[in-house]
Visitor: 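Please see the structure below; I have some questions.
Every chain is numbered from 1, with letters handed out A, B, ... down the list of sequences.
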Amino acid sequence: MKVLVAVKRVVDYNVKVRAKADGSDVDLNNVKMAINPFCEIAVEEAVRLKEAGVATEVIAVSVGEKSCQEQIRTAMALGADRGIQVETDAGVEPLVVAKLLKGVVDKEQPQLVILGKQSIDGDNNQTGQMLGALANMAQGTFASEVVVDGDKVNVTREVDGGLQTVSLNLPAIVTTDLRLNEPRYASLPNIMKAKKKQLDVYSPADLGVEVTSHLTQVKVEPPAERKAGVKVADVDELIDKLKNEAKVIS
Amino acid sequence: MSTLVIAEHDNGSLKGATLNTVAAAQAMGADIDILVAGANCGSVAEAAAAVAGVGKVLVADNAAYEHQLAENVSLLIAEVGAGYDNIVAPATPNCKNFMPRVAALLDVAQISEITSVESADTFQRPIYAGNVIATVQSSDAKKVITVRTTAYDAAPAEGGSATIEALDAVHDAGISSFVGEEVAVSDRPELTAAAVVISGGRGMQNGENFKLLDGIADKLGAAIGASRAAVDAGFVPNDMQVGQTGKIVAPDLYIAVGISGAIQHLAGMKDSKVIVAINKDEDAPIFQVADYGLVADLFDALPELEAKL
């Protein structure tokens, strides 16, 4: 069974991103970039499926500028067998990413596509579900457990108040949540090996997809700042403040 | 202009998130209908019809929609939504699951988690864990939108008298099925709807110590949450997570215990009306957003707080 994993290059988790002074966009100059944390969990899950003998090949795909090859190499260092970059400008919308991934799905015919549930830059939480609709595949979003069983996959999902399990016909889409697994670190020998793995580059035209834009970012601005309040000396003062000043408890 | 609001419900009751979404739809200035997709969901339809400002409630009551499987529900919404300018749903885990499918079926973008309606085609939404607010303009004729419910006060649940119309459309994609669920039964209010939330972080040290929050939550009628660090460490389940990738809450009172205040956590709670932080590290970033900060060992402060409330 072939598994396709989508990875996205995003600002590192620890960076506090700010709006540019002119409000045109966020300031990403000299900011550390990394693989999106949820995509890392997706790669780990695919590699574990291969180690368990369920998957035969793991292909890492990323949509973006040439620099995203770095994240594809990271995925290959973690165990993906080969990589595909779909070359576009930065900031392509989720709907277009989903169409491009659909193009890759048509070419590669994977039985399972694993993506992160959301990227920590746009916070959209859309691409996996959109790909599901475009490819007419079932989806198991926000997954905390994935069990392949013959021509079906059972996905346990994080829902309000607990967990839900669904059974999906293969081929299917899975998007990862936090507790699905704990990704490994890439070893130095594997990082070296990853440099020699196959990485194909496609253009949107190769996949028959036209890159369109549905949304325009008019401006970005910092959120309303919360002012730091006061420190209270002890529990008694805290209760007094909450009762008599903030009036939020009685 | 017309707006279709997708009801959040569990077949038995209409969830409050729907009311916040109706309020957002009102800000769009269009006529509002509500779609209820479920099975044996008549009582939900009646509750939806009572919501102030709603014209019509459309009910698709069929076994195919019982668990609101995304593959089936998205086909229904795309079909029904064809006649509307806006299709709007709360940004709950349930609606986040199927709304992007609806958008893709209609070949339009989705605008996720809006916090403000600027005009008919322009919206604000937080990005980068809420560190930045983006204003986005859509060029799509039809808009698929999810609403960050904490940004809108609930529309009145009573006072409306919408007509209820049954839909015959049955869409069963036949590619997925419901197997089961494990939903924790709790007497506490839901995290996203509670007036008071008390959350624990890595400082709680283990899952057992979360019991220290129970007594206080009981006295305040609070829901209990957690930081991602506490979830990552395996102290508590993920559905308790407050933050960028968990739940977004904005209660009247938020008490952060043993939480350092990573930006990803702040993203989920900084719109709370009053924030209390209890942390023994006086330099913890959480104090920068807290209205009241108590520098103390939580293992001393929590029992004292519980006793004195």
Side-chain angles (χ1 to χ4, degrees), chain A residues 11 16-19 26 93-95 98 118 120-126 129-130 132-134 137-139 141-142 144 154 158-169 177-179 214-223 226 228-232 235-236 238-239 241-242 246 248-249, chain B residues 69-71 74 92-94 96-97 100-101 103-105 108-110 112 122 126-140 175-184 220 231 238-239 244-245 252-253 263 270 274 276 287-295 301 304-305 308-309:
Chain A
V11 168
K16 181 163 177 169
V17 173
R18 289 174 201 284
V26 292
E93 292 169 16
L95 180 62
Q118 98 191 48
I120 60 168
D121 49 3
D123 284 336
N124 281 304
N125 194 333
Q126 297 175 2
Q129 296 91 314
M130 286 180 159
L134 297 173
M137 287 201 240
Q139 67 184 43
T141 54
F142 326 146
S144 66
N154 278 351
E158 306 265 6
V159 295
D160 259 340
L163 299 170
Q164 177 196 62
T165 304
V166 289
S167 168
L168 314 174
N169 290 2
D177 214 322
L178 196 60
R179 293 192 301 172
H214 300 249
L215 297 174
T216 313
Q217 186 167 287
V218 180
K219 63 172 178 182
V220 298
E221 59 198 312
R226 250 195 118 91
V230 295
K231 292 253 170 75
V232 293
V235 168
D236 291 319
L238 177 63
I239 292 175
K241 293 275 192 195
L242 292 177
V248 284
I249 62 173
Chain B
L69 293 172
E71 297 78 9
S74 59
T92 53
N94 181 42
K96 283 177 179 178
N97 185 38
R101 267 187 106 101
L105 290 170
V108 300
Q110 174 178 303
S112 294
T122 306
I127 56 175
Y128 290 95
N131 280 309
V132 179
I133 306 297
T135 303
V136 294
Q137 186 171 25
S138 166
S139 59
D140 289 320
I175 51 178
S176 61
S177 59
F178 172 84
V179 176
E181 63 190 352
E182 284 173 51
V183 175
L220 295 176
V231 173
N238 191 41
D239 63 298
Q244 179 187 17
T245 57
D252 294 334
L253 173 60
I263 50 175
K270 68 182 176 183
V274 174
V276 169
F287 287 120
Q288 290 164 19
V289 300
D291 299 284
Y292 303 110
L294 176 62
V295 180
E304 190 184 344
L305 184 60
K308 289 180 174 171
L309 274 171

Visitor: Test side-chain contact (heavy atoms from CB on, under 4.5 Å) on B:Thr135 and A:Gln217 and set out the steps.
Guide: CA-CA 6 Å; B:Thr135 303; A:Gln217 186 167 287; over 6 Å; no

Visitor: So which part of A:Ile120 gets closer than 4.5 Å to some heavy atom of chain B, the side chain, the backbone, both or neither?
Guide: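 Answer is both: backbone and side chain atoms of A:Ile120 are under 4.5 Å from chain B.
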
Visitor: Which residue out of A:Glu93, A:Glu158, A:Arg18 racks up the most heavy-atom pairs below 4.5 Å with chain B?
Guide: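 Highest number of heavy-atom pairs under 4.5 Å: A:Glu158.
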
Visitor: So which of A:Val26, A:Asn154, A:Asn125, A:Asp177 has the largest heavy-atom pair count under 4.5 angstrom toward chain B?
Guide: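 With the most close heavy-atom pairs to chain B, the winner is A:Val26.
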
Visitor: Let's test your reading of the structure: which of A:Gly162, A:Ala138, A:Ala19 forms the most heavy-atom pairs below 4.5 Å with chain B?
Guide: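 Among A:Gly162, A:Ala138, A:Ala19, the one with the most close pairs to chain B is A:Ala138.
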
Visitor: Where is the tightest heavy-atom contact between A:Gln129 and B:Arg101, given as atom of each residue plus distance?
Guide: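 Nearest heavy atoms, A:Gln129 then B:Arg101: O-CG, 3.1 Å.
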
Visitor: Please rank B:Gln288, B:Lys270, B:Lys96, B:Glu182 by heavy-atom pairs under 4.5 Å with chain A and give me the top one.
Guide: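 Result: the option with the highest number of such pairs is B:Glu182.
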
Visitor: Which of the residues B:Val295, B:Asn94, B:Ile263 is involved in the greatest number of heavy-atom pairs with chain A at under 4.5 angstrom?
Guide: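 Looking at each option in turn, the highest pair count goes to B:Ile263.
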
Visitor: Which region of B:Leu305, side chain (C-beta onward) or backbone (N, CA, C, O), has a non-hydrogen atom less than 4.5 Å from a non-hydrogen atom of chain A, or is it both or neither?
Guide: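 B:Leu305 touches chain A through backbone and side-chain heavy atoms alike.
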
Visitor: Is chain B contacted by the side chain of A:Ala98, its backbone, both, or neither, given a heavy-atom distance below 4.5 Å?
Guide: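 Neither part.
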
Visitor: For B:Val132 and A:Val17, which heavy atoms make the closest approach, and how far apart are they?
Guide: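 Reported closest heavy-atom pair: CG2-O, 4.0 Å.
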
Visitor: Considering only heavy atoms, which portion of A:Leu168 lies under 4.5 Å from any heavy atom of chain B: side chain, backbone, both, or neither?
Guide: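 Both parts, backbone and side chain.
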
Visitor: Any side-chain heavy atom of B:Gln244 within less than 4.5 Å of one from A:Gln118?
Guide: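 Side-chain contact under 4.5 Å: yes.
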
Visitor: Compare every heavy atom of B:Val289 with every heavy atom of A:Arg226, then report the nearest pair and how far apart it is.
Guide: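 Closest pair (atom of A:Arg226, atom of B:Val289, distance): NE-O, 3.1 Å.
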
Visitor: Within 45 degrees of the axis of the six-membered ring of B:Phe287 and under 6.0 Å from its centre: does A:Lys231 put its NZ or CZ there?
Guide: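 Verdict for B:Phe287: a cation-pi partner in A:Lys231.
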
Visitor: Is there a donor-acceptor contact under 3.5 Å linking the side chains of B:Ser112 and A:Gln126?
Guide: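 Yes.
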
Visitor: With respect to chain B, which residue among A:Pro222, A:Ser167, A:Gly229 yields the maximal number of heavy-atom pairs within a distance under 4.5 Å?
Guide: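 Greatest number of close heavy-atom pairs with chain B: A:Ser167.
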
Visitor: Select one option (side chain, backbone, both, neither) describing which atoms of B:Thr245 are under 4.5 Å from chain A's heavy atoms.
Guide: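 Answer is both: backbone and side chain atoms of B:Thr245 are under 4.5 Å from chain A.
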
Visitor: Given heavy-atom pairs under 4.5 angstrom as the criterion, report whether the side chain, backbone, both or neither of A:Leu215 touches chain B.
Guide: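 Answer is both: backbone and side chain atoms of A:Leu215 are under 4.5 Å from chain B.
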
Visitor: Which region of A:Pro223, side chain (C-beta onward) or backbone (N, CA, C, O), has a non-hydrogen atom less than 4.5 Å from a non-hydrogen atom of chain B, or is it both or neither?
Guide: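 Both the backbone and the side chain of A:Pro223 come within 4.5 Å of chain B.
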
Visitor: Should A:Leu95 and B:Val108 be marked as a side-chain contact (heavy atoms from CB on, under 4.5 Å) after you check the CA-CA gap, both sets of side-chain angles, and the distance that decides it?
Guide: CA-CA 7 Å; A:Leu95 180 62; B:Val108 300; 5.6 Å; no

Visitor: Is the backbone of B:Asn97 close enough, under 3.5 Å, to the side chain of A:Gln139 for a donor and an acceptor to pair up by distance?
Guide: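 Flag set: sc A:Gln139 to bb B:Asn97 pair under 3.5 Å.
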
Visitor: Please classify the contact of B:Glu71 with chain A as side chain, backbone, both or neither, using a heavy-atom distance under 4.5 Å.
Guide: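 Only the side chain of B:Glu71 comes within 4.5 Å of chain A.
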
Visitor: Just give me the residue among B:Asp140, B:Val276, B:Asp252 that pairs up with chain A most often, heavy atom to heavy atom, under 4.5 Å.
Guide: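 Winner by heavy-atom pair count: B:Asp140.
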
Visitor: Measuring only between side-chain heavy atoms, which start at C-beta, is B:Leu309 closer than 4.5 Å to A:Ile249?
Guide: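 Yes, side chains in contact.
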
Visitor: So which heavy atom on B:Gln110 is nearest to which on A:Met130, and how close?
Guide: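 Closest pair (atom of B:Gln110, atom of A:Met130, distance): N-CE, 3.9 Å.
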
Visitor: Counting only non-hydrogen atoms closer than 4.5 Å, does B:Leu294 touch chain A with its backbone (N, CA, C, O), its side chain (CB onward), both, or neither?
Guide: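 Contact with chain A involves both backbone and side-chain atoms of B:Leu294.
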
Visitor: Could you look at B:Leu69 and say if it's the side chain, the backbone, both or neither that has a heavy atom under 4.5 Å from chain A?
Guide: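 For B:Leu69, side-chain heavy atoms alone lie under 4.5 Å from chain A.
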
Visitor: Of the listed residues (A:Leu242, A:Val11, A:Val218), which shares the most heavy-atom pairs with chain B below a 4.5 Å separation?
Guide: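 Max contact count across the listed options: A:Val218.
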
Visitor: May I ask you to test the A:Thr165-B:Glu181 pair for a side-chain heavy-atom distance under 4.5 Å?
Guide: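 Result no, sub-4.5 Å side-chain heavy-atom pair not found.
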
Visitor: Relative to chain A, which segment of B:Ala301 carries a heavy atom at a distance below 4.5 Å: side chain, backbone, both, or neither?
Guide: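 Contact with chain A is through both the backbone and side chain of B:Ala301.
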
Visitor: Among A:Val220, A:Thr141, A:Asp121, A:Ile239, which residue has the highest count of heavy-atom pairs closer than 4.5 Å to chain B?
Guide: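 Option with the top pair count is A:Asp121.
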
Visitor: Could you check whether A:Lys241 pairs with B:Asp291 (Lys NZ or Arg NE/NH1/NH2 to Asp/Glu carboxylate O, under 4.0 Å)?
Guide: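 No, no charged N to carboxylate O under 4.0 Å.
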
Visitor: Looking only at heavy atoms and a cut-off of under 4.5 Å, which of B:Val183, B:Asn238, B:Ile127 has the most pairs with chain A?
Guide: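 Counting heavy-atom pairs under 4.5 Å, the top option is B:Asn238.
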
